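This one's a predicted model, so the numbers in the text were calculated from it and none came from an experiment. Chain letters run A, B, ... following the sequence lines, proteins first, then strands; residues in each count from 1. What you see below is based on every heavy atom in this structure, not just the backbone, and it leaves out hydrogens, waters and symmetry mates.
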Amino acid sequence: MEENKSTPSNFIREIIDEDLKSKKHSLIHTRFPPEPNGYLHIGHAKSICLNFGIARDYNGMCNLRFDDTNPVKEDIEYVESIEEDVRWLGFDWDDRMFYASDYFDRLYEFAVQLIKDDNAYVDSSTSQELREMKGTLTEAGALSPYRNRSVEENLELFTGMKEGKYEDGAHVLRAKIDMASTNMHMRDPVIYRIKKATHHNTGDKWCIYPMYDYAHPLSDWIEGITHSLCTLEFEIHRPLYDWFLDALKLKNRPRQIEFARLNLTYTVMSKRKLLELVQEGLVSGWDDPRMPTICGLRRRGYTPESIRNFADRVGVAKRDAMTDVALLEHSVREDLNKHAMRVMAVLRPLKVVITNYPDDKTEEMETTNNPEDETMGTRKIPFSNVIYIEREDFQEVPHKKFHRLSPGNEVRLKSAYIIKCTEVIKDDKGEITELHCTYDPETKSGSGSMRSVKGTIHWVSAKHAVKAEVRLYDRLFVTEDPASDDKDFRELLNPHSLDILKECYIEPELSKAKTGDKFQFIRTGYFCVDPLSNDEMLVFNRTVALKDSWTKIDKK
RNA sequence: UCCCCCUUAGUGUAACGGUUAGCACAUAACUCUCUGAAAGUUACGGUCGUGGUUCGAAUCCACGAGGGGGAACCA
């Protein structure tokens, strides 16, 4: 990866610096541990950039580990999409792709050890009874009648659980900690449950599965993880994370550190809500370009570089935050500005006839592909007497600060000539149907003409242009924080989040474009070719509009 | 009602007892421009409150206020 810019420091990197200085660790080892039960989103991207970024900067390692301890929720489909998304973001785990389920044998042995040390017991209460004995936030829990079973009996029952002698729910294995703890997670948490389900990785080998709280610290320890980074909601689980490592007397222990998850304005980030949007057809799928998923952003035209830069800018801290989506948008613009080829595309066409230009003539106008990058070269654009311009680039009665085309006024056609509007043609309803203009042959682009006018607009030659479909996206929700609103988030969807334009004209150069290709449509925004494109019709997605100070002036 | 965590401009972050409290985004204005883009310049704007410790506090302490989290055989 060609990343030279250093990622800003944060409290986690400071902890790592201290651990290195004190020689607690010499090699830093992190992990990104998604549960394969859904698609990754921009919030996961923050975690991925954090974990893999730390490994990169400290010459350490970062594992990809699937936290797959609940077979009924997980699926191989998700495993594959997660691998693809992490790789697309630009990170690599070499040969260190693991599953928590790879450790089921060792986890089982650890559990046996806990039983032998009187640190765990089999409880045969129902889940209802378990819940009742748990106590409340203000009252201590009750000791289970099964809490003092002998080691022998516990061992026999746990073996039986493993061998499938009991039905789901008949028994659970619990850690023996403290039913009076003010931390509910320490009140003898369940660590194994019976689930006669097929696991995507281990098949039918197991019918008991470890719980997250138990599997996670031990998986970290098995992999030699030094710093186990997770989000704030696991803070309260940390004493339990440490308890297992203590109880099993493990050396070289990993340390769990929590940070605030990413929230972005005008979208939702919870897997549940995202799933509902997909299932209820409120979006076209996980990769709908309006979704905050990695695959959605990819289809929208975001680049891995821009997302990595965004993650760096957002930073890492412990306080809950709501990041302005404008920061994400700025990050793509910045990247695309440097790399995207400039092309001309007219989204809402208005026909312009240049009356003093021969109707059988075509000129090839030369233009630069990217003023920010000379190495991208130049290309030719055909010019003729009938062109299309953007409807909004003409005002019959111009706003006082408007300096594009209006009756009797001149404007420059980018990379071509200066034209003057001589006549406005309307239909019987008063709608403007076309404009008649004259051009000044002395003002050809690159000819050294000294004449300059205030405005420059984009255009395409009508007879050479290619028709295309362009999809304009806006924020998915109308409020900044739809998740916190009293209303159901569905009621807060932005009805104008997708605007499909079917009568757009693009310069012929673009007919060669392939899925994923990215362009700047001059003066309108950054666009990429959607996978829906086929031989008959190119479909473009607007990644993000260009910053626009004109509409602000116009509104004043 | 109990426990844990958090609190710096509009937003996201930096400061590690000593700086005019820095940076980015956003906002506004100007310059420049064959993209009303980009770029450049400038402006705007902040330590939750009250006490205390100290020569000195955003930083340490206490209390208060506000926000978040916590009782799944989920992760």
| task | Return no unless some side-chain N or O of S549(A) is found under 4.0 Å from OP1 or OP2 of A37(B). | result | yes
| task | Choose from C73(B), G36(B), C5(B) the nucleotide whose nearest atom is closest to any side-chain atom of L130(A). | result | C73(B)
| said: Output the rounded distance in Å from CD1 (I12(A)) to P (A14(B)). | reply: 11 Å
| task | Just name whichever nucleotide pairs with A72(B), Watson-Crick or G-U, keeping both distances under 3.5 Å, else none. | result | none
| remark: D373(A) CG to A39(B) P, in whole Å, measures 15 Å
| query | Rounding to a whole Å, what distance do you find between E329(A):CD and A26(B):P? | reply | 9 Å
| request: Kindly state whether the ring of W550(A) and the ring of H399(A) have centres lying under 6.0 angstrom apart. | output: yes
List, with names and distances, any nitrogen or oxygen atoms from the protein found under 3.5 Å away from nitrogen or oxygen atoms belonging to nucleotides 9-12 of chain B.
residue: U11(B); atom: O3'; partner: M322(A); partner atom: O; Å: 3.1
residue: U11(B); atom: O2'; partner: M322(A); partner atom: O; Å: 3.0
residue: U11(B); atom: O2'; partner: D324(A); partner atom: N; Å: 3.4
residue: G12(B); atom: OP1; partner: M322(A); partner atom: N; Å: 3.0
residue: G12(B); atom: O2'; partner: V314(A); partner atom: O; Å: 2.6

| task | Would you kindly give the CD-to-P distance between E258(A) and C5(B), to the nearest whole Å? | result | 11 Å
| query | Less than 4.5 Å apart, any side-chain heavy atom of Y526(A) and any of V332(A)? | reply | no
| said: Can you tell me if T69(A) touches the phosphate of A75(B), counting only side-chain N or O atoms and a distance under 4.0 Å to OP1 or OP2? | reply: yes
| field | E372(A) side chain, from C-beta outward: closest of A75(B), G36(B), A37(B) | value | A37(B)
| said: Partner lookup for A14(B), please. Criteria are Watson-Crick or G-U wobble with both distances under 3.5 angstrom; report none if nothing qualifies. | reply: none
| side-chain N/O K318(A) vs G69(B) OP1/OP2, d < 4.0 Å | no
| field | P gap between U8(B) and C60(B), integer Å | value | 14 Å
| task | Report the nucleotide, chosen from A26(B), A75(B), U1(B), that has the shortest atom-to-atom distance to any side-chain atom of T138(A). | result | U1(B)
| Is R187(A) touching bases, backbone alone, or none of the nucleic acid, heavy atoms closer than 4.0 Å? | nothing
| Is there a side-chain contact between T323(A) and L262(A) (heavy atoms, below 4.5 Å)? | yes
| request: For D548(A) and T551(A), test the side chains for any donor-to-acceptor distance below 3.5 angstrom and give the result as yes or no. | output: yes
| What is the nucleic acid contact for F402(A), judged by heavy atoms within less than 4.0 Å: base, sugar-phosphate only, or nothing? | base
| request: Mind checking F234(A) for me? I need base, sugar-phosphate or nothing, with any heavy atom below 4.0 Å counting as a touch. | output: base
| field | Whole-angstrom distance between A9(B) and A14(B), as gauged at atom P | value | 13 Å
| field | Distance, P atom - from C3(B) to C63(B), rounded to whole angstrom | value | 12 Å
| At under 4.0 Å, does any side-chain N or O of R193(A) touch on OP1 or OP2 of A72(B)? | no
| field | Between P of A71(B) and CE of M186(A), the distance in whole Å | value | 15 Å
| request: Between C44(B) and U35(B), how far apart are the P atoms? Round to whole Å, please. | output: 31 Å
| query | Is there a Watson-Crick or G-U wobble partner for A62(B) with both distances under 3.5 Å, and which nucleotide is it? | reply | U50(B)
| Base of G70(B) paired with side chain of H237(A) (donor-acceptor, under 3.5 Å) | no
| field | Residue R333(A), side-chain heavy atoms: nucleotide from C3(B), A26(B), G36(B) that is nearest | value | A26(B)
| task | Assign each of V172(A) and K454(A) to its nearest nucleotide of RNA chain B by heavy atoms, then name whichever residue's nucleotide is nearer the 5' end. | result | K454(A)
| field | Spacing between Y526(A) atom OH and U35(B) atom P, to the nearest angstrom | value | 13 Å
| said: Any heavy-atom pair between the side chains of R65(A) and Y103(A) that's under 4.5 Å? | reply: yes
| request: Please check if any side-chain donor atom of D188(A) sits under 3.5 Å from a side-chain acceptor atom of Y121(A), or the reverse. | output: yes
| request: Return yes if a side-chain donor-acceptor contact under 3.5 Å exists between Q128(A) and T126(A), otherwise no. | output: no
| field | E334(A) with R313(A): basic N within carboxylate O range, under 4.0 Å | value | yes
| task | Name the nucleic acid region contacted by G446(A), choosing base, sugar-phosphate or nothing; use a 4.0 angstrom heavy-atom cut-off, strictly under. | result | base
| message | For the C1' atoms, the ones on U59(B) and on U53(B), what distance do you get once it is rounded to whole angstrom? | response | 13 Å
| remark: Considering only heavy side-chain atoms of L137(A), the closest of A71(B), A38(B), A75(B) is A71(B)
| OP1 or OP2 of U35(B) less than 4.0 angstrom from a side-chain nitrogen or oxygen of K547(A), does that happen here? | no
| query | Side chains of Y357(A) and E363(A): is there a donor and an acceptor less than 3.5 Å apart? | reply | yes
| query | Would you find more than 12 non-hydrogen atoms of other residues, nucleotides or ligands less than 6.0 Å from R379(A) atom CZ? | reply | yes
| query | Would you say a side-chain N or O of H458(A) is under 4.0 Å from OP1 or OP2 of U35(B)? | reply | no
| field | Rounded distance in Å between the P positions of C48(B) and A43(B) | value | 25 Å
| remark: Looking only at A72(B), C34(B), G36(B), the nucleotide nearest the K73(A) side chain is A72(B)
| request: Have a look at T368(A) and say if it touches a base, only the backbone sugar-phosphate, or nothing, with a 4.0 Å heavy-atom cut-off. | output: nothing
| field | No-H, no-angle donor-acceptor pair, H185(A) side chain to A72(B) base, under 3.5 Å | value | no
| field | Donor/acceptor link under 3.5 angstrom from Q520(A) side chain onto base of U35(B) | value | yes
| message | In this structure, how many angstroms lie between the P atom of A71(B) and the CG atom of N183(A), rounded? | response | 10 Å
| More than 12 foreign heavy atoms under 6.0 Å from CD of E167(A): is that the case here? | no
| field | Nearest-Å distance once atom C1' is located in both A62(B) and A57(B) | value | 15 Å
| Do the side chain of S445(A) and the base of C34(B) come within less than 3.5 angstrom through a donor-acceptor pair of N or O atoms? | yes
| note | Winner on side-chain proximity to P371(A), out of U35(B), G36(B), C74(B), is U35(B)
| query | E233(A) CD to G70(B) P: how many Å, rounded? | reply | 8 Å
| said: Taking C6(B) as the reference, what is the distance to G12(B) when you measure between their C1' atoms (whole Å, please)? | reply: 16 Å
| task | Can you figure out which of A71(B), U35(B), A26(B) approaches the side chain of K134(A) most closely? | result | A71(B)
| So which one's nearest nucleotide on RNA chain B is more toward 5', L413(A) or L232(A)? | L413(A)
